[in-house]
Amino acid sequence: MTQLSAAQTPQRKPAEGNRALYGGKINRRITVRDITAAKERGEKWPMLTAYDAMTASVFDESGIPVMLVGDSAGNCHLGYETTVPVTLDEMTMLSAAVVRGTSRALIVGDLPFGSYQEGPVQALRSATRLVKEAGVGAVKLEGGERSHEQIRLLVESGIPVMAHIGLTPQSVNSMGYRVQGRGEEAAQQLLRDAKAVQDAGAFAVVLELVPAELAAEVTRTLHIPTVGIGAGPDTDAQVLVWTDMLGLTGGRMPKFVKQYADLRKVMGDAAKAYAEDVVGGTFPEDEHSVH
Ligand code: KIV
């Protein structure tokens, strides 16, 4: 693997101009063509997950250009232990809600475990549901070389695909939650996976939990944008799970999560204050009553 020194690493331009995905003036739904143009300009962009209309509307108003209705909804919204049990019906319902709550962001719907592994035709049937019934602008699926046929058929059928390599949580039962791409052989496999999804026509690729230097190399090698999570600072875009980023998930967070708020505390404190008011008879007051 070739490694560039810090001095050789290309400098990123901050997002600027009317066409910037974040902070620009695009006031229509963002498309995959906008994403491709951002890579050509060297513009970095943020992606967040969203699982419901109201939260998605907050992120949309904040200018987040791309939202992923991730199957992380399994652990972060639906109360499952992993993403494995999430169904296509559930993803369709959640994706439709996020589309309804937004008017600007590109919405990417995740294909859940079991909805595309049988082959390209099953993948097309599943992705078609997310596009037609939920209204997403693109779908995401896990796997590099192993998923390239699925990606190719979806793209040929007019469905933009975001790929996902490195740690792929739907394979937790065989892979665990471990850093991927460590060591020469694993690094070469990750590069092959990245090229395979690009060659199959993916418009972007998520790199999850891979060493920062390897993610930087993949980013330099590909002409499609890389979206990092636990992949260091040199990917084209970053994604975080919104409940982790806003401190709602609870429990121990992975090292790569930066917590920007403590919603768990804010909500817990508010719930306690309300309960105490009710128990103590101080809510409702006259101003909350009708006469
Ligand atoms: O399901 C999800 O939220 C994801 C992101 C972590 C990339 O796949």
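As the structure is a prediction and not an experimental result, all values here were calculated from the model. Whatever order the structure lists ligands and atoms in, that order sets their numbers, starting from 1.
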Open item on the list: With heavy-atom distances below 4.0 Å as the criterion, list the atoms of ligand 1 near Ile229.
Closed with: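 Listed by number with element, the hits are 6 (C).
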Task: Atoms of ligand 1, numbered as shown, that sit under 4.0 Å from any heavy atom of Thr49 - done: 3 (O)
May I ask you to decide whether [X] forms a salt bridge with [Y], counting only side-chain N to carboxylate O separations under 4.0 Å?
| X | Y | result |
| --- | --- | --- |
| Asp199 | Lys195 | no |
| Arg28 | Asp34 | yes |
| Asp110 | Lys140 | yes |

Open item on the list: Quick one, Leu48 and Leu68 - any side-chain contact, counting heavy atoms below 4.5 Å?
Closed with: no
Open item on the list: So for Lys140, does at least one of its heavy atoms come nearer than 4.0 angstrom to any atom of ligand 1?
Closed with: yes
TODO: Scan Asp89, Thr92, Val86 and name whichever one has a side chain to side chain contact (heavy atoms under 4.5 Å, CB included) with Pro112.
DONE: Val86
Open item on the list: Quick check: Asp71 and ligand 1, any N/O pair under 3.5 Å apart?
Closed with: yes
Open item on the list: Using a 3.5 Å cut-off on N or O atoms only, is Asp110 in polar contact with ligand 1?
Closed with: yes
TODO: For atom 3 (O) of ligand 1, state which one of Gly70, Gly74, Ser72, Gly166 supplies the nearest heavy atom.
DONE: Ser72
Open item on the list: Tell me the closest heavy-atom pair linking Ser95 and Leu130, and the distance in Å.
Closed with: OG-CD2, 4.0 Å
TODO: Distance to 0.1 Å, residue and atom name: give those for the protein heavy atom nearest to atom 4 (C) of ligand 1.
DONE: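 Looking only at protein heavy atoms, the one closest to atom 4 (C) of ligand 1 is Leu68 CD2, 3.6 Å.
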